[in-house]
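Basis for what follows: all heavy atoms, side chains included, without hydrogens, waters or symmetry-related copies. In what follows, chains are A, B, ... by sequence order, proteins preceding strands, each numbered from 1.
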Protein chains: 2
Amino acid sequence: MHKYYKTHTKFYISVDCIIFGFTEGALKLLIQERPYEPGKGLLSLIGGFVEVDESIDDAAKRVLAEFTGLDNTYMRQLGAFGDVKRDPGERVVSVVYYALINVNEYKRTIEGNARWIDIENLPSLCFDHNLMVEKALTKLKENLADEPIGMNLLPKYFTLTQLQTLHECILGTSIDKRNFRRKIMEQGYVVKTNMIDKKTSRRGASLYKFDNKS
Amino acid sequence: MHKYYKTHTKFYISVDCIIFGFTEGALKLLIQERPYEPGKGLLSLIGGFVEVDESIDDAAKRVLAEFTGLDNTYMRQLGAFGDVKRDPGERVVSVVYYALINVNEYKRTIEGNARWIDIENLPSLCFDHNLMVEKALTKLKENLADEPIGMNLLPKYFTLTQLQTLHECILGTSIDKRNFRRKIMEQGYVVKTNMIDKKTSRRGASLYKFDNKS
DNA sequence: TCAAAAGTGTTAAGTTTACACCCATGA
DNA sequence: TCATGGGTGTAAACTTAACACTTTTGA
């Protein structure tokens, strides 16, 4: 049909999803054991191949849904990874996305062997996946400065301490409590509810939620 | 060889380069008329196909070199564009890069029909190329805040007014001259030379250069 | 009664913005 | 001599950073 195109080569395209969650006061990453050769059994990001009738974005959404049962997720493209030998089996170009999910909503699916690992002391992942995660973390930090992304990682109701811990995990720094609370309140993304969480302290902490009016 | 891969589809992968230049006090974009169907003759970014033996980054470098004669260029990946119908001819996934070049070093090559157009009032480009340029401009702005990217767009010696105009073009705002100069000097990326440029004013303006020591 | 987390204000430092006039020169 | 672009400082507004004590309550 379009003759000129025919002189070129076609490639497999995969999507790899860097799925972040936040639980037990730590930032987590969903990984699996790679289910096929080459590198069967190695730790791997959640991924799959792009199919003929779907956009790359849709492929990423599909893969995410297959592994987490989740739809309508905060998801951003990180970029394409295209070194010739990045996949030792075949030439595969990977387009990488990172997603933020609420681990409480996460449902283990038939894809089965996925699990959460701590983002601190990450193990060695297959191929160039560690590099991908590193880049995603960098981007996530930048992101946090612009957007209230916490809403994607936290449950509907949360304490300000939880939100602060989340920011600290992402930024890798500790934050002054008073400065943090003042800033968050000024930004107006979150609103206080009447509920009190008694799980984490005797005194109890006010529960907040993200304000989806403004 | 790797059986599992075989059940999937392969795709053409192109690279499109958003090549920025700065001349005549304005930010420019290098475009061409698309040399083949579909969309032959439409305005297009500088692009080409990824070949079997090259990484995507290398493909972008090759395409850039083919069209500008330039090597060792400031180049960043913008991301992958993968809508199913983005190219009306065939399914082609495009990985997009933006590059900053010094137009004085640019050599028109045999690829021939490329030309510079003003980034203000951009014409309509083929396919999703306008969207790509928009994203590149957004990223370039962010970039300018972090890195002294001016060195890639300006000649070796330049006046502070030129540098300011460049910043204004990228950011799309006007900047206070005194504030700008103070900040640039504090950052220490540029150093004054003894040379004076007499082209743009009777009085003459000091020429500066980027400091590649620090 | 005490341990543990929640909650709360003020001051100093640093950064950003706004603003206007003199200088040097070639035509 | 005058039109043109080059060059310079200061004060106010705003933002960020540093810092320590009281409250509540279950065990």
Side-chain angles (χ1 to χ4, degrees), chain A residues 22-26 141-148 150 154-155 157-210, chain B residues 22-26 141-148 150 154-155 157-210:
Chain A
F22 180 69
T23 187
E24 297 158 2
K141 279 177 209 177
E142 293 169 17
N143 231 299
L144 187 61
D146 311 335
E147 288 186 78
L154 289 171
Y157 301 104
F158 53 88
T159 67
L160 290 183
T161 300
Q162 279 179 289
L163 182 61
Q164 180 175 343
T165 305
L166 171 57
H167 279 240
E168 289 174 333
C169 286
I170 292 175
L171 298 175
T173 59
S174 66
I175 303 174
D176 179 90
K177 184 162 51 157
R178 282 172 290 189
N179 292 340
F180 179 75
R181 286 170 180 238
R182 181 170 350 100
K183 201 175 190 180
I184 291 295
M185 287 302 121
E186 276 167 7
Q187 297 186 159
Y189 296 128
V190 305
V191 295
K192 200 173 185 169
T193 69
N194 296 325
M195 289 173 283
I196 304 286
D197 173 76
K198 305 282 287 186
K199 284 193 286 290
T200 55
S201 74
R202 308 198 203 292
R203 176 179 174 173
S206 286
L207 284 165
Y208 288 73
K209 62 176 182 174
F210 280 92
Chain B
F22 180 69
T23 187
E24 296 157 6
K141 279 177 208 176
E142 293 170 15
N143 231 295
L144 187 60
D146 311 334
E147 288 185 79
L154 290 170
Y157 299 105
F158 53 88
T159 68
L160 290 184
T161 300
Q162 279 178 288
L163 183 60
Q164 181 174 343
T165 305
L166 171 58
H167 279 240
E168 288 173 335
C169 286
I170 292 175
L171 298 174
T173 58
S174 67
I175 302 173
D176 179 89
K177 184 163 50 157
R178 282 173 290 190
N179 293 340
F180 179 76
R181 285 169 181 239
R182 181 170 350 102
K183 201 177 192 176
I184 291 295
M185 287 303 122
E186 275 166 8
Q187 297 187 158
Y189 296 129
V190 305
V191 294
K192 201 174 186 169
T193 69
N194 296 325
M195 291 174 280
I196 304 285
D197 173 76
K198 305 284 285 185
K199 284 194 286 291
T200 54
S201 74
R202 309 199 200 291
R203 177 178 172 173
S206 286
L207 285 165
Y208 288 73
K209 62 176 182 174
F210 281 91

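- Taking the side chain as every heavy atom from C-beta outward, B:Met185 and B:Leu160 approach each other to under 4.5 Å.
- The separation between B:Ile184 atom CD1 and D:dT8 atom C1' is 16 Å, rounded to whole Å.
- Counting heavy atoms from C-beta outward, B:Ser206 and B:Ile196 have side chains that approach closer than 4.5 Å.
- In this structure, A:Gln187 contributes its side chain and A:Ile184 its backbone to no donor-acceptor pair below 3.5 Å.
- For the pair B:Gln162 CD and D:dG7 P, the interatomic distance rounds to 11 Å; values are reported in whole Å.
- Using a 4.0 Å heavy-atom distance criterion, B:Thr159 is classed as making no nucleic acid contact.
- The aromatic rings of A:His167 and A:Phe180 lie perpendicular to each other, with more than 60° between the two planes, well past the 30° mark.
- Between B:Arg181 and B:Thr161, some side-chain heavy-atom pair lies under the 4.5 Å cut-off.
- Counting only heavy atoms from C-beta outward, the side chains of B:Val190 and B:Phe158 approach each other to under 4.5 Å.
- Between B:Tyr208 and B:Leu154, the closest side-chain pair of non-hydrogen atoms is not below 4.5 Å.
- Nearest approach of A:Thr159 to A:Gln162, heavy atoms of both residues: N-OE1, 2.9 Å.
- Side-chain atoms of A:Arg203 lie closest to C:dA5 of the nucleotides C:dA5, D:dG7, C:dA27.
- Atom C1' of nucleotide D:dG5 and atom CD of B:Gln164 are separated by 12 Å, given to the nearest angstrom.
- For the helix from C:dT1-D:dA27 to C:dA27-D:dT1, the end axes, each set by the C1' atoms of five terminal pairs, are bent relative to each other by 10° (nearest 10°).
- Residues B:Phe22 and B:Thr165 meet the side-chain proximity criterion, which asks for heavy atoms closer than 4.5 Å.
- Taking side-chain N and O atoms only, A:Ser201 has no distance below 4.0 Å to OP1 or OP2 of C:dA4.
- With rounding to whole Å, B:Ile175 atom CD1 is found 17 Å from C:dC19 atom P.
- B:Lys141 is not listed as a side-chain neighbour of B:Leu144, based on a closest heavy-atom distance of 4.5 Å or more.
- OP1 or OP2 of D:dG6 lies within a sub-4.0 Å distance of a side-chain N or O belonging to B:Thr161.
- Protein atom CG of B:Leu171 is 13 Å distant from nucleotide atom P of C:dT16, rounded to whole Å.
- Remark: A:Ser206 is in phosphate contact with C:dG7, judged by side-chain N or O atoms under 4.0 Å from OP1 or OP2.
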Contact string for nucleotides 9-19 of chain D, one letter per nucleotide 5' to 3', B = base within protein heavy-atom range under 4.0 Å, S = sugar-phosphate only, - = neither, reads BB------BBB
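- You'll find that the side chain of A:Lys198 is closest to D:dT25, out of C:dA27, D:dG6, D:dT25.
- Computed from coordinates, the A:Ile196 CD1 to C:dA6 C1' distance equals 10 Å when rounded to whole Å.
- Each of D:dG6, C:dT25, D:dA27 was ranked by its minimum atom distance to the side chain of A:Arg202; first place goes to D:dA27.
- In this structure, CZ of A:Arg181 is placed 18 Å from C1' of C:dT10, rounded to the nearest angstrom.
- Between B:Asp197 atom CG and C:dG26 atom P there is a gap of 13 Å when expressed in whole angstrom units.
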